[in-house]
2 protein chains.
Amino acid sequence: METTTDTREALLDAAEGLFAEHGIQASSLRAITQQAGANLAAVHYHFGSKEGLVKAVFSRRIGPLNLERLRRLSESTGEVEEVLRAFIEPVFEMKREAPEGSRQFARLMGRSFSEPSEDVRAIMTEELGPMFRRFVEALACRLPHLSEPEILWRFHFVAGAMAHTISCGYLLEAYSKGACHAGDPEEALEHLVTFLAAGLRAPAVHREGERT
Amino acid sequence: METTTDTREALLDAAEGLFAEHGIQASSLRAITQQAGANLAAVHYHFGSKEGLVKAVFSRRIGPLNLERLRRLSESTGEVEEVLRAFIEPVFEMKREAPEGSRQFARLMGRSFSEPSEDVRAIMTEELGPMFRRFVEALACRLPHLSEPEILWRFHFVAGAMAHTISCGYLLEAYSKGACHAGDPEEALEHLVTFLAAGLRAPAVHREGERT
DNA sequence: GTCTATATAGCGATAGAC
DNA sequence: GTCTATCGCTATATAGAC
């Protein structure tokens, strides 16, 4: 167990937490190294630059997250609801058990879809693409009345509703005055799956082959 | 027509565009004043601080946007689809016609739900709250099988899918390889309304009065 | 109302000792 | 691998002339 690894991991944990709470831009390397109990220069030694640190924060979690999603997808029996659970549950699991810091990562990722930074957008597009396509294929088998573009649109809405639930729960809490518990994974999952499964099963907007 | 007003509006337009493209934090007052053809000190004269400018950028558009939503809601005949169109269409309209700069505002607002800044969150919560509640009431009449918390959850998903569509269209474009046109308001609206109306009409998760 | 000049602070990055 | 010290730059904000 080298001390290198400890510092590296401490930096990743600190960055993850601060990125989730205050945003990437607003988290200075000084704040990150202070929280990690490390030196400012350590970031450049281990990651080369702030951008390198950002990429490392994402890739540490997205790989395992997507593997878990695909594992659950391959075990699912065929219901649209099960496909949705395979996609959504692993994210909520991160908030529950969590190897310590990954609790925060869900919030970070929920918000990072809409990050203006080209670097972050490239990370999201590349890291999520293959997983996304596998889920679209799985849904295509279960929703034969829909063309592939329609399934893409609808899975886009699935991702949007999930991301919004994770990163904008404060709105639901404020408007429901305590009646909805946006931070409760079970409650959120139940409502998400019911709503989204019905949306996915809706009749096709266009008949197969029809043009817009 | 005072020159004051021109400078003030030019600053708001420039800020709106840069906030939408690069984010609020990443847009410096120097870049904003340069694009507006104004002096750096003008921001502090007209708005007091960057935070004052941010608030002014949002409140200039959200009021009229919400009035248009409520106008359409009051004219709707009763279909769930019409309620959804009253909520969504005015945002897409901003991208089309637009008094010049408001094209960009939709992108900015779609992303600002998940902004980490407490100031921005407060703006979103306060400015959208009354409109949000009116739409939830309207849906409650049309979906009598759902309790109020369930309607709140579902309308939260509606907002999430819409915000994601507006601000994360780059993902759909990338994954569909040109088959889906995330930037086309007509296409997006059609798919959104079909999907979301079916989600709203889904059977209740809990029977009335039941506890989680 | 608009300008220049500047105060004050923070940023990411790097060189070089240990 | 870790540290101190520092470079070069940019940020928001303000004072005071015009």
Side-chain angles (χ1 to χ4, degrees), chain A residues 1-60 108 112 115-123, chain B residues 1-58 60 108 112 115-120 122-123:
Chain A
M1 183 85 70
E2 283 171 299
T3 112
T4 299
T5 304
D6 293 347
T7 299
R8 216 186 114 93
E9 290 296 308
L11 286 170
L12 287 170
D13 291 340
E16 183 171 73
L18 289 170
F19 289 170
E21 193 161 1
H22 306 294
I24 294 170
Q25 274 254 354
S27 304
S28 71
L29 296 184
R30 283 173 168 82
I32 291 164
T33 48
Q34 188 181 353
Q35 169 139 334
N39 188 275
L40 176 61
V43 170
H44 298 93
Y45 176 79
H46 288 286
F47 304 101
S49 65
K50 183 173 179 178
E51 190 188 318
L53 173 62
V54 171
K55 285 182 180 164
V57 164
F58 280 95
S59 52
R60 178 174 66 152
L108 173 59
S112 297
E115 192 81 26
S117 149
E118 273 306 321
D119 297 322
V120 176
R121 293 196 171 203
I123 291 169
Chain B
M1 185 83 71
E2 282 171 300
T3 114
T4 298
T5 305
D6 293 347
T7 299
R8 213 187 117 94
E9 289 296 308
L11 286 170
L12 287 171
D13 290 341
E16 182 171 75
L18 289 170
F19 289 170
E21 192 161 0
H22 306 294
I24 295 171
Q25 274 255 352
S27 303
S28 70
L29 296 184
R30 281 175 166 79
I32 292 164
T33 49
Q34 187 181 354
Q35 169 137 335
N39 187 274
L40 176 60
V43 171
H44 298 94
Y45 177 78
H46 288 286
F47 304 101
S49 66
K50 183 173 180 178
E51 189 187 318
L53 174 61
V54 172
K55 285 183 180 163
V57 165
F58 280 95
R60 179 175 63 152
L108 173 59
S112 297
E115 192 81 27
S117 148
E118 273 305 321
D119 297 323
V120 177
I123 291 168

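We name chains A, B, ... by the order of the sequence lines, and we start the count at 1 in each one. When reading the values below, keep in mind they use all heavy atoms of this one structure, side chains included, and skip hydrogens, waters and symmetry mates. Predicted, not measured: the structure shown is a model, and the values here were computed from it.
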Check your understanding: Any side-chain heavy atom of I24(A) within less than 4.5 Å of one from V120(A)?
Key -> yes
Practice item. Any chance you could measure L11(B), atom CG, to H46(B), atom NE2, to the nearest 0.5 Å? Key: 6.5 Å
Point to revise | Rounded distance [0.5 Å steps], CZ in F19(A) versus CG in L53(A) | key: 5.0 Å
Exercise for review: Give, ordered by number, those residues of residues 29-36 of chain A having at least one heavy-atom distance below 4.0 Å to an atom of DNA chain C; if nothing qualifies, reply none.
Suggested key: L29(A), R30(A)
Exercise for review: Using only side-chain N and O atoms of S28(A), determine if any of them is under 4.0 Å from OP1 or OP2 of dC11(C).
Suggested key: yes
Exercise for review: Please tell me which of the listed nucleotides, dA13(C), dT4(D), dG1(C), lies nearest to the side chain of H44(A)?
Suggested key: dA13(C)
Exercise for review: Round to a whole Å and report the spacing from CG of L53(A) to C1' of dG12(C).
Suggested key: 12 Å
Study note, to complete from the structure: Distance col, row Q25(B):CD vs S117(B):OG, nearest 0.5 angstrom, shows 8.0 Å
**Study point:** Side-chain N or O of S49(A) closer than 4.0 Å to phosphate OP1/OP2 of dG12(C)
**Key:** no
Check your understanding: Looking at OG1 of T7(A) and OH of Y45(A), how far apart are the two atoms once the value is rounded to the nearest 0.5 Å?
Key -> 10.5 Å
Check your understanding: Does G48(A) or L40(B) map to a spot on DNA chain C nearer the 5' end, using the closest nucleotide for each?
Key -> L40(B)
**Study point:** Intermediate values then yes/no, side chain to side chain contact (heavy atoms under 4.5 Å, CB included), R60(A) and D13(A)
**Key:** CA-CA 10 Å; R60(A) 178 174 66 152; D13(A) 291 340; 3.0 Å; yes
Output side-chain donor-acceptor pairs under 3.5 Å for residues 26-43 of chain A, partner residues at least two apart or in another chain, one line each.
{"unit_1": "S27(A)", "atom_1": "OG", "unit_2": "L18(A)", "atom_2": "O", "d": "3.1"}
{"unit_1": "S27(A)", "atom_1": "OG", "unit_2": "G23(A)", "atom_2": "O", "d": "2.7"}
{"unit_1": "S28(A)", "atom_1": "OG", "unit_2": "A31(A)", "atom_2": "N", "d": "3.1"}
{"unit_1": "T33(A)", "atom_1": "OG1", "unit_2": "L29(A)", "atom_2": "O", "d": "2.8"}
{"unit_1": "T33(A)", "atom_1": "OG1", "unit_2": "R30(A)", "atom_2": "O", "d": "3.1"}
{"unit_1": "N39(A)", "atom_1": "OD1", "unit_2": "A41(A)", "atom_2": "N", "d": "2.8"}

Give me, pair by pair, the N or O atoms of the protein and of nucleotides 15-18 of chain C that are less than 3.5 Å apart, along with how far apart they are.
none

Check your understanding: Once you round it to whole Å, what is the distance between P of dC11(C) and NE2 of H22(A)?
Key -> 12 Å
Check your understanding: Start at the 5' end of DNA chain C and walk down; is the nucleotide closest to K50(A) or to G37(B) reached first?
Key -> G37(B)
Practice item. Just jot down the salt bridge (Lys or Arg N to Asp or Glu O under 4.0 Å) partners of E51(B), sequence neighbours excluded, or say none. Key: K55(B)
Practice item. Name all residues meeting the salt bridge (Lys or Arg N to Asp or Glu O under 4.0 Å) criterion together with K50(B); count only those two or more places apart in sequence or in a different chain, and write none if there are none. Key: none
Point to revise | Presence of T7(A) side-chain N/O under 4.0 Å of dG1(D) phosphate oxygens OP1/OP2 | key: no
Exercise for review: Round to a whole Å and report the spacing from NE2 of H46(B) to C1' of dC3(C).
Suggested key: 12 Å
Revision key, fill the gap. Considering only heavy side-chain atoms of N39(B), the closest of dC3(D), dT4(C), dT2(D) is dT4(C)
